[in-house]
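Below is one structure, written out as structure tokens; comments come after it.
Whatever order the structure lists ligands and atoms in, that order sets their numbers, starting from 1. Predicted model, so just to flag it, every value in this text is computed and none were measured.
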Amino acid sequence: MGVPTLGCHCAVCESADPMDKRMRPSVLLEYGGRCVVIDTTPDFRSQAMRAKLDRLDALLYTHGHADHILGLDDVRPYNAKQRSTVPIYASSETLATLRRQFAYIFEGTPTFSSLPQIELREVDGPFDLFGARVIPIPALHGPSPVLGYRLGDVAYLTDFSLVPESSKALLQGLDHFILDALRYTPHPMHSSVEQSLGLVEELKPKHAWFTHICHDLGHAETNAKLPPHVRLSYDGLKLEGAI
Ligand SMILES: [Zn+2]
Ligand SMILES: [Zn+2]
Ligand SMILES: [Zn+2]
């Protein structure tokens with residue numbers, strides 16, 4: 001929902017610490033002169049401005065929930081600037097959701113408005129993207145499938161409640177593991193702080209970064225309780241890793 005959460009006046013929502021201001025979760029991968037974004041949140045435009053995103057070469061999607069897809073229409077300036085379509089990589093379920101939620105893009109109805117120029121590509125296993133190997137990490141988000149992504153020694157896995165053993169095998173030897181940890185209280189669709197700490201303990205990444213954090217977790221006070229190699233991520237956090 002973002003922090004501050006609309007209408008809320010809790011200590012975290014009213015905190016003066018800039019680390020307690022959280023837009024919806026998204027990641028920019030920069031390598032080889034390319035810019036690849038994972039998920040276009042409802043805040044995509046603001047996030048792209050903040051990151052000074054001058055080009056967009058591809059989009060990867062984790063799943064089709066509103067907080068991960070609703071910024072898609074804002075690819076249009078990059079279509080215009082680059083005079084090209086933007087390839088979109090997602091599971092077949094997520095592509096079906098995009099076709100439904102953004103039906104106007106696919107209807108072929110004549111219009112004088114500009115439409116996002118995108119090309120849908122189904123992810124059904126590892127693939128190469130601009131010279132990097134992208135390994136999808138299947139997980140469960142409540143009853144629904146979700147994909148994380150691993151490039152080199154870095155993996156991003158948000159919105160999960162269960163990671164199957166076959167996916168744990170894909171998450172070994174990580175330098176940086178960015179993972180869902182919504183709050184302390186268990187949630188049927190998300191990993192809690194305790195569950196994510198257990199997964200970190202099991203997978204032993206060098207560094208773990210919690211994301212998709214709700215207003216239950218204040219930045220400074222939560223970090224003070226976490227082991228030193230586990231931190232809350234924050235808007236604008238930059239990590240370097242081998243891809
Ligand atoms: Zn609040
Ligand atoms: Zn979700
Ligand atoms: Zn989400």
Polar contact flag, side-chain donor to acceptor under 3.5 angstrom, Asp159-His141: yes

Do the two ring centres, one from Phe127 and one from Tyr89, sit under 6.0 Å apart? yes

Flag for Thr94-Ser91: side-chain donor and acceptor within less than 3.5 Å: yes

Atom name in His215, limited to N/O/S, at shortest distance from the Zn ion (ligand 1): ND1

Counting backbone and side chain alike, does His9 bring an N/O/S atom below 2.8 Å of the Zn ion (ligand 1)? no

With carbon and hydrogen excluded and only N/O/S kept, which atom of Asp67 is nearest the Zn ion (ligand 3)? OD2

Give the intermediate values and the outcome of side-chain hydrogen bond (donor to acceptor under 3.5 Å, both in side chains) for residues Ser26 and Thr41. CA-CA 7 Å; Ser26 175; Thr41 81; 5.7 Å; no

Do Thr211 and Tyr156 pair up side chain to side chain, a donor and an acceptor below 3.5 Å, judged on atom types alone? no

So what does the His68 NE2 - the Zn ion (ligand 3) - Asp159 OD2 angle come to, to 10°? 90°

Output the atom name for the N/O/S atom of His65 with the smallest distance to the Zn ion (ligand 2). ND1

Between the Zn ion (ligand 3) and His63, is there an N, O or S atom separated by less than 2.8 Å? no

